[in-house]
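Have a look at the structure below before the remarks.
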Amino acid sequence: MKKLILTFVTVVLLAVGIVGCAAPDTKEKETSNEVNHAKVVDNLKISIKKVAIAEKGKNKQLELDMLVINNDSIEQPIGANDFKLKTPDGKTKAIDGSAVNFGAVIPKGKQLEGKMYFEVPESVTEGTVVYQPEKKVLAEWKIKF
């Protein structure tokens, strides 16, 4: 009888824990720009697969699903810190450091999927995602959200 009660309590606690870890409600918007348009830089094929929006106080948080394929003969590092978001008003936004953003060393011939996040004012509805691992911009994607 004790085992049955213990099993029941464990199942209930796991169910409550899983529900509590659910991601915030996000709205996916269809974008007509460069989502799903791959760019190749230094043998890395980089694409934004999806853009979603979540409310974050007075601002909104952009969630970008990324896919990076390493077509090089050596491993390549890449991460969300290599990207910026330029808004139409000329401001450049770094990734939202309070979120868990992607980053890893990709072995040759392998791929990496992950998410990166930007926090923008509610009034901003479009921008340009730039791949800038150092000082020079190497690729750009225009997106609407």
Side-chain angles (χ1 to χ4, degrees), residues 6-145:
L6 183 60
T7 302
F8 178 74
V9 169
T10 302
V11 169
V12 169
L13 289 174
L14 284 173
V16 169
I18 290 172
V19 170
C21 292
D25 291 336
T26 58
K27 299 178 210 169
E28 287 185 40
K29 287 199 174 182
E30 202 58 42
T31 58
S32 59
N33 291 324
E34 295 182 286
V35 173
N36 286 316
H37 183 82
K39 309 268 177 126
V40 178
V41 178
D42 296 330
N43 291 319
L44 291 175
K45 185 177 178 182
I46 307 167
S47 57
I48 301 170
K49 302 306 288 178
K50 184 175 71 172
V51 177
I53 301 169
E55 300 301 319
K56 189 170 182 182
K58 295 180 181 179
N59 295 322
K60 58 186 169 187
Q61 183 181 52
L62 300 182
E63 175 185 278
L64 282 66
D65 287 2
M66 303 297 294
L67 173 63
V68 184
I69 302 170
N70 182 4
N71 292 320
D72 207 341
S73 60
I74 60 171
E75 62 184 22
Q76 293 271 20
I78 192 167
N81 283 329
D82 297 330
F83 294 85
K84 309 274 186 284
L85 177 70
K86 291 185 179 179
T87 58
D89 61 2
K91 294 182 180 174
T92 301
K93 302 282 187 181
I95 59 167
D96 181 354
S98 67
V100 179
N101 292 280
F102 84 98
V105 174
I106 309 172
K108 63 181 180 178
K110 300 293 182 184
Q111 68 181 32
L112 172 67
E113 293 183 64
K115 298 178 186 298
M116 66 179 173
Y117 302 87
F118 294 96
E119 189 174 333
V120 296
E122 191 66 39
S123 61
V124 176
T125 60
E126 63 184 293
T128 303
V129 176
V130 297
Y131 175 56
Q132 186 177 1
E134 295 188 22
K135 294 187 187 289
K136 185 178 177 187
V137 173
L138 301 178
E140 296 184 345
W141 296 260
K142 293 187 186 306
I143 61 171
K144 290 187 178 182
F145 39 87

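Quick caveat: nothing in here was measured; it's all calculated off a predicted structure.
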Could you list the donor-acceptor pairs under 3.5 angstrom formed by side chains in residues 126-135, with sequence neighbours left out?
{"residue": "Q132", "atom": "NE2", "partner": "K135", "partner atom": "O", "Å": "2.9"}

CD1 of I48 to CH2 of W141: how many Å apart, nearest 0.5 Å? 6.0 Å
Working to the nearest 0.5 Å, report the span between OG1 of T87 and CG of D89. 3.5 Å
With [X] via side-chain hydrogen bond (donor to acceptor under 3.5 Å, both in side chains) - residues at least two apart:
| X | value |
| --- | --- |
| S47 | none |
| K49 | N36 |
| K45 | none |

Closest heavy-atom pair and its distance - P121, N59: CA-OD1, 3.3 Å
Minimum-distance pair of heavy atoms, taken over all atoms of G103 and L112: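 Residues G103 and L112, closest heavy atoms: C-CD2, 4.5 Å.
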With K39, which residues qualify under salt bridge (charged side-chain N to carboxylate O under 4.0 Å, His left out), at least two apart?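 So K39 forms a salt bridge (charged side-chain N to carboxylate O under 4.0 Å, His left out) with E34.
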Counting C-beta onward and ignoring hydrogens, is there a side-chain heavy-atom pair between V120 and K60 closer than 4.5 Å? yes
Is there a side-chain contact between E113 and L67, using heavy atoms and a 4.5 Å cut-off?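 They are in side-chain contact.
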List the atom pairs, donor and acceptor, that lie under 3.5 Å between side-chain atoms in residues 75-84 and the rest of the protein, sequence neighbours left out.
{"residue": "Q76", "atom": "NE2", "partner": "D42", "partner atom": "O", "Å": "3.3"}
{"residue": "Q76", "atom": "NE2", "partner": "D72", "partner atom": "OD2", "Å": "2.7"}
{"residue": "D82", "atom": "OD2", "partner": "G79", "partner atom": "N", "Å": "3.1"}

Suppose the criterion is ring-ring contact (aromatic ring centres under 6.0 Å, His included): which pairs have a residue in residues 87-124, not counting sequence neighbours? none
Is there any salt bridge (Lys or Arg N to Asp or Glu O under 4.0 Å) pair reaching into residues 115-125, and which pairs are they, with sequence neighbours excluded?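 Salt bridge (Lys or Arg N to Asp or Glu O under 4.0 Å) check on residues 115-125 returns K56-E119, E63-K115, D65-K115.
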